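Report on the structure given below.
These numbers were taken from a predicted model, which means no experiment stands behind them.
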Amino acid sequence: MTDVDVDAEKRAWREAAVANGVVLESVDLQDREDMKELYGMLRVAGVAAKSRLRAFIHERQQLQQQGTGTTTERKQIQEMYEMMMVQEKTEKKSFTAANTSFVGELLDGYDMKFRLVDSEDEPGKGDPVGRFSWALSIAGGGGEATLSEPDRTEAALNWIQSWMTIGLTVDGLSVKKETIGFKDVKGQLLHPLHANHREASGKSDGCVASEKNIQLCDRTGESLYNYSMALIEVQTDHSQLKKTQMLLQLAALSLQSIYKQSVVLLGTDCHTKWYLLHFEEPNRIQVQQYVHGRKCLDDFEALLVSTKFRYDERQAVNTKRQKSVHAGEQDLTGFQDELSSTTGLVPPAASPGQRTTDKALNNEAFLHRMANFLAESPMGNGEWGTTNNPRVGSGKKKCSVPLHVVPPRVAVPRPRY
């Protein structure tokens with residue numbers, strides 16, 4: 001083999017190693033398993049080629065110990081480090097400022113998806129819903145002043161409740177019935193969302209819960225979100241309702257409320273804009289717009305009335321699913337059919353969250369390798385070892401991590417509600 005061929009071979013090895021997140025200088029030549037995996041990763045076959053690769057790695061390790069190395073190699077290390085920092089950076093937004101791409105990535109971290117369905121144009125039953133006035137008469141002035149949405153939130157919630165069934169009750173699997181109440185909760189933060197290097201936080205306007213829980217939270221100061229069946233997002237008739245904001249609000253409530261994914265969200269300007277968001281199946285949020293407020297409130301009421309029933313039913317399904325896993329049962333023939341026939345719910349075939357976990361584990365392995373290499377490198381100044389860097393472990397011993405970590409994919413059903 002000519003010198004040119006040797007140089008090209010070495011260059012190809014370096015590029016392949018960088019692409020796979022491997023620092024050749026940190027490879028343990030005495031570890032047969034690591035070397036075997038490295039041969040496969042770099043596509044090195046044959047005794048002669050393997051010997052050349054081992055000699056090349058040994059040469060690089062000697063150069064590193066002598067404090068030398070090419071500018072290109074140092075640049076490659078710097079690029080790897082910068083790429084790692086970009087992956088670790090968390091983008092933060094408020095619920096109101098989040099765009100569709102941000103929301104999609106964030107919800108994907110919780111295995112949640114959403115879909116916008118066709119608008120509902122049925123008028124509904126009963127009298128058409130009127131129009132709430134965001135303007136307030138000025139006493140003695142003979143005119144009107146349009147107040148902001150926060151100033152009229154409580155009045156808007158009372159107006160919405162007035163168009164619903166008086167003495168609305170919730171039927172659960174028990175005989176007991178509870179009266180529903182609406183509560184102004186503006187200013188109170190919902191459960192923050194943090195996944196896929198994205199973080200979001202925000203609030204809501206109205207909360208729907210049983211009267212007993214409203215009174216309990218008023219007395220104790222506990223967050224009413226913990227017991228909420230639904231959220232109500234109101235905007236003035238001159239403002240836009242943001243679907244992205246409502247998606248994050250519903251997702252946050254599902255993580256905080258005792259009713260989990262049986263919760264609902266109503267969004268409206270109390271005139272022409274009417275939206276309902278709810279989990280149509282595990283981790284799948286449905287977003288629907290309504291032409292008529294009467295029909296929207298009818299469907300909202302139906303979902304509220306069935307909150308406890310839907311929650312208890314889904315909990316029973318999840319309990320059965322967990323028992324089958326703990327018992328080590330592998331034959332689930334007919335289990336999905338039973339889920340479909342009783343609840344219309346079918347466990348998803350794949351879990352995006354598992355892919356997120358795989359990626360996180362690979363990133364962690366890369367952090368270990370990078371820390372060990374920089375600890376031994378003259379450019380590291382002793383600051384990147386596992387001893388001084390709590391993010392990659394502790395102790396003086398060099399951490400031993402496989403060159404390429406791919407954890408086994410095990411699909412384990414877990415409670416969704």
Using atom types as modelled and distance alone, determine if a side-chain donor or acceptor of [X] lies under 3.5 Å from a backbone N or O of [Y].
X	Y	result
Glu280	Gln286	no
Lys242	Thr96	yes
Ser306	Phe309	no
Arg54	Leu29	yes
Arg198	Asn196	yes
Gln261	Asn283	yes
Gln288	Asp118	yes
Arg310	Ser262	yes
Gln235	Thr268	no

Next item on the list: Could you walk me through whether Leu253 and Tyr259 pass side-chain contact (heavy atoms from CB on, under 4.5 Å), step by step?
Entry: CA-CA 9 Å; Leu253 183 65; Tyr259 296 109; over 6 Å; no
Taking all non-hydrogen atoms of both residues into account, name the closest pair between [X] and [Y] and its distance.
X	Y	value
Tyr110	Ala195	CE1-CB, 3.8 Å
Leu248	Leu106	CD2-CD2, 3.9 Å
Cys217	Glu222	CB-O, 3.3 Å
Phe102	Glu91	CE1-O, 3.6 Å
Ser257	Ser228	OG-O, 2.6 Å
Trp13	Leu24	O-CD1, 4.3 Å

Say you draw a straight line from [atom1] of [X] to [atom2] of [Y]; how long is it, rounded to the nearest 0.5 Å?
X	Y	atom1	atom2	answer
Gln289	Glu120	CD	CD	11.5 Å
His271	His238	NE2	NE2	10.5 Å
Phe95	Leu193	CZ	CG	4.5 Å
Gln61	Asp28	CD	CG	8.0 Å
Lys243	Phe114	NZ	CZ	10.0 Å
Ser201	His194	OG	NE2	11.5 Å

Check: Do we see a donor-acceptor contact under 3.5 Å between the side chains of Tyr275 and Glu233?
Finding: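 The criterion, which ignores hydrogens and geometry beyond distance, is not satisfied for Glu233 and Tyr275.
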Next item on the list: Carefully, step by step, assess Val263 and His278 under the rule side-chain contact (heavy atoms from CB on, under 4.5 Å).
Entry: CA-CA 7 Å; Val263 294; His278 72 282; over 6 Å; no
Check: Side chains of Asp205 and Ile232: closer than 4.5 Å at any heavy-atom pair?
Finding: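 No, their side chains stay 4.5 Å or more apart.
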Checklist line | side-chain contact (heavy atoms from CB on, under 4.5 Å) between Glu33 and Glu37, intermediate numbers included | finding: CA-CA 6 Å; Glu33 291 300 321; Glu37 188 171 357; over 6 Å; no
Check: Just wondering, are more than 12 heavy atoms of other shown residues or ligands nearer than 6.0 Å to CG in Asp127?
Finding: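 Atom CG in Asp127 is not packed in, count stays at 12 or less.
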Next item on the list: Apply side-chain contact (heavy atoms from CB on, under 4.5 Å) to the pair Ser254 and Met112, showing each step before the final yes or no.
Entry: CA-CA 11 Å; Ser254 73; Met112 294 183 188; 3.6 Å; yes
Check: Does anything in residues 262-279 pair up under salt bridge (Lys or Arg N to Asp or Glu O under 4.0 Å), and if so which pairs, sequence neighbours excluded?
Finding: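 Matches after skipping sequence neighbours: Asp269-Lys273.
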